[in-house]
Amino acid sequence: MEDVPKVEIEKVYEPKNVEDKWNSFWIDRNYFHAAKSSDKPPFTIRYKRMKGFNTLWVPGTDHAGIATQTVVERELRKEGIQRQDLTREEFIKRVWEWKELYGKRIIEQLKKLGASCDWSRERFTMDEGFSLAVKEVFVRLYKEGLIYRGHYLVNWCPRCGTALSDLEVAREDTKGRLYYLKYPLIEDDKQSGSYITVATTRPETMMGDTAVAVNPKDERYKNIIGKEVVLPVVNRRIPVIADEGVDMEMGTGALKITPAHDFADFEIGNKHNLPRVQIMDFKGVMNENAGRYSGLDRFKCREKIVEDFEKEGVLNRVEDYSLQLGKCYRCSTVVEPMLSLQWFVRTKPLAEPSIQAVESSKTRIIPEGWKNTYFEWMRNIRDWCISRQIWWGHRIPAWFCKDCNQITVSVDEPKACEHCSSENIEQETDVLDTWFSSALWPFGTLGWPEQTEELKTFYPTSVLVTSFDILFFWVARMMMMGLKFMGDVPFRDVYIHALVRDEKGEKMSKTSGNVIDPLDIMDDYGADALRFSLTALAAQGRDIRLSLPVIEGYRNFMNKIWNASRFVLMNLDNVGATRRVAPTGLNLSTPDKWILTKLNRTIKEVEDSLKLYEFDKVARTIYQFIWGDFCDWYIELVKPILNGDDQEAKKRTQAVLVKVLSSALQILSPIAPFITEEIYQRFREFGFGLETPDGKEADSIAISVYPAFNQNEVYEEAYGEIEFIKQVIVAIRNLRAVVGIHPSTTVKVIIIPDDKTVFEKIKANENYIISLAKASIDFSHEEKPKKAVAQVVEDLQIYLPIEGLIDVDKEVERIKREISKIVKDIELSEKKLSNQDFINRAPEEVVEKEKEKFEELSIKKQKMEEVLEKLSKVD
RNA sequence: GAGCGCGUAGCUCAGGGGGAGAGCGCUUGCUUGACACGCAAGAGGUCGCAGGUUCAAAUCCUGCCGUGCUCACCA
């Protein structure tokens, strides 16, 4: 007792005391810094680093154009300032100031989580270098004709005051109304008194109608094709045209055409050369083309016009109608299709190679199910509107000439128009879609357009880990740009991880206020507990429901690891002697062999699962090994040795303990880096350092060599033996519980083995049974006990004699229940074995296994019946 | 409308043609020389419903019911 080492370790693991310390330790030591070039293949994450790869994780953020501008504008408004009160430069300065203050949240979260990014390479899409790449890409695409400018109908957010891409419009189920409007028919140049009725959800757009379309096959309208109707309110005459695209079943079969405010109508308008009448301005307010409604907001206008129509008899009827309304994904304002001059990317030529790359698995998408979603989008891709009418973002590098009206596109600011040499030029005020710049991330962050060493080393990257909701926004577009400008895919693997939802399964969002801030969780439970929870719940193809009880459970697991380590450390006396002893050469005990076998199988399973991105399996495997095998059994099996006098055995056990725990910590380290580092550093103080790839002692577990599966440490026989002994121990504990014996009382059990091998197996492990089941064993071959409860393990009968009274009836019931369970299984097994088809058609090993099972069950049944008979005789 | 996914213990979820699993919760007993954020022993399930394929189906197929998501210009 005197030489118990002076180990001072807290009973409960406190993440707060260690996490920040190790984070700055890792970063100061440059452990996450990637070599510019290396002969080692690159990959990300801690696991690969421990496997000796040159790893790089580039951290960074995009500038979130519209969202950020919106927030900053709101801040300014609190000061009574409108954006327009400032110059563009002043405003952008304000955005940068805001970004410096609040834009670090994500980075903070990442750092706190212990993300092993190379922080010296942190990038921001608005950085100078990255901006250069953006301009370069724009210019090249423009020169190739893949970017064009034109007057088209685009999705317009009247609140944000900018065009949006198709992806930035969210469709939402909305309750609306279907209004039936009567348009008077013109005959012989005057109103005939008859009408044609059209149905619309947007009656206010009628002022922009330039035709009514019907299906040429529609008998109802055949005779009025080519005639005219007169639009109420504006009194404009418009033709009735025929178009095959009109669905005769929908509405009235007559479709009002508003080319300037509806995408489908725009197409029909083009086909028939219809004029486009724009009836509202960019704020959604009706303009002079709206006649007496001019100046009204579009929704107010609708109310008013419906009211008027009702009075004037234009309105035939109104029906409730549910529709999918497009809304701005940033502010939920109803999007308005608007005619305007915008910049577009011609996407088809870029999509083609991106489709092929995934078809040929040059890039793999994991889980595979997402491939279809990717293909679906890529194959139906439409041109991408990339111009935004905001200030925060990459200003489009195009200059308009006021003399010749031509455009000059250039990376550097031009002095004069390249067409007429006029110096009277002005830069485009629009900026680019944020995603246009994010699309360049994989090469833009590595120094492109310069051909840097980093590009050569790390492009194509190994893996992108991301969420499905930006599969199109980001992944698809990185694919297009990567293939276009680097001639190769941006990443080999795309791992689509689960979306984290709240405990009710709802998507977290700021508006519904159910966001759990990871920083808060880490504050309460530690970063490792959060990391482990997310890993354990990361089953492929399923979202994560994050709830506090789950995190608490894994916090407890961290504490368990802490205490197991505490136990091992407290038992490391004679440090010098056991230091760095490889357990393989020692005279190992059966439990030693058993735990080493388990360890190696665990390592193998973990690595196999990692390769398949099955992170949940990785977590479960490690959890089971550390808690279920190492703590519950190995430590318990070994306690008597550590407390005993056999010095040799003690040293051997210490060596195995350290070896197994170290390896377990290593495979856990990529998931729980903080606690494993803390424990590792304490082990180092005792002289148990791990090695780096070049054979030096590792200053950090994060750079130690990941343990490898070792076939020489797999001991089948010892493994089976301990598994058997475990069953015996559980059986005895069960008997104790049934009878209600106090845990501290030692009992005597009678074990009746049928053959010598079994007897020897028990005998050899008697000590373990004694200490783990608090039982002494009496091998009485002849005499079965008079008064006892019993259990059967395989062909082994275990009796616990009873001194006092037990409820014999209850015990008989219990055994009978157990027997009937066995009988059921036997019957099932028998049925199979007597089925000729089964014998003939099932694989041999399955039949063999079934026979063995039948044997086992039969023996067990027989033994149980003996026990029952015995018990029944007790009065 | 099209596509994808999910219905397994009270809850959260693994598994995935040949003996129903884990964590939490629950019951019972424990200040056990690492840990009560713990230890030990238990209870708990026609694997959504109905057909089909197969020697064998919780697992594969079809349909249905429920549920979630993504995409789509249908008035």
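Convention: sequence-line order gives letters A, B, ...; per-chain numbering from 1.
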Side-chain N,O ([X]) to OP1/OP2 ([N]) below 4.0 Å:
X	N	answer
A/Arg733	B/A41	yes
A/Arg542	B/A14	yes
A/Arg620	B/A14	no
A/Lys639	B/A34	yes
A/Asn559	B/G38	no

For [N], does the base pair up with any side-chain atom of [X] as donor and acceptor (N or O, under 3.5 Å, distance only)?
X	N	result
A/Glu376	B/A72	no
A/Lys831	B/A56	no
A/Lys11	B/C35	no
A/Arg566	B/C35	no

>> Could you work out, with side-chain contact (heavy atoms from CB on, under 4.5 Å) as the rule, every residue matching A/Leu548, not counting sequence neighbours?
In response: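 side-chain contact (heavy atoms from CB on, under 4.5 Å) list for A/Leu548, sorted by chain: A/Tyr525, A/Ile551.
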
>> Before you tell me yes or no, could you show the steps for A/Asp320 and A/Lys175 under salt bridge (Lys or Arg N to Asp or Glu O under 4.0 Å), namely the whole-Å CA-CA distance, both residues' side-chain angles and the distance that decides it to 0.1 Å?
In response: CA-CA 7 Å; A/Asp320 283 337; A/Lys175 273 186 197 155; over 6 Å; no

> So, for A/Tyr13 and A/Asn559, which heavy atoms are closest and what is the spacing to 0.1 Å?
Replying inline: N-OD1, 3.0 Å

> Looking only at heavy atoms, which two atoms of A/Thr258 and A/Asp209 are closest? And how far apart?
Replying inline: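 Minimum heavy-atom separation between A/Thr258 and A/Asp209: OG1-OD1, 2.8 Å.
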
>> Please name the nucleotide paired to B/U62 by Watson-Crick or G-U wobble geometry with both distances under 3.5 Å, or report none.
In response: B/A50

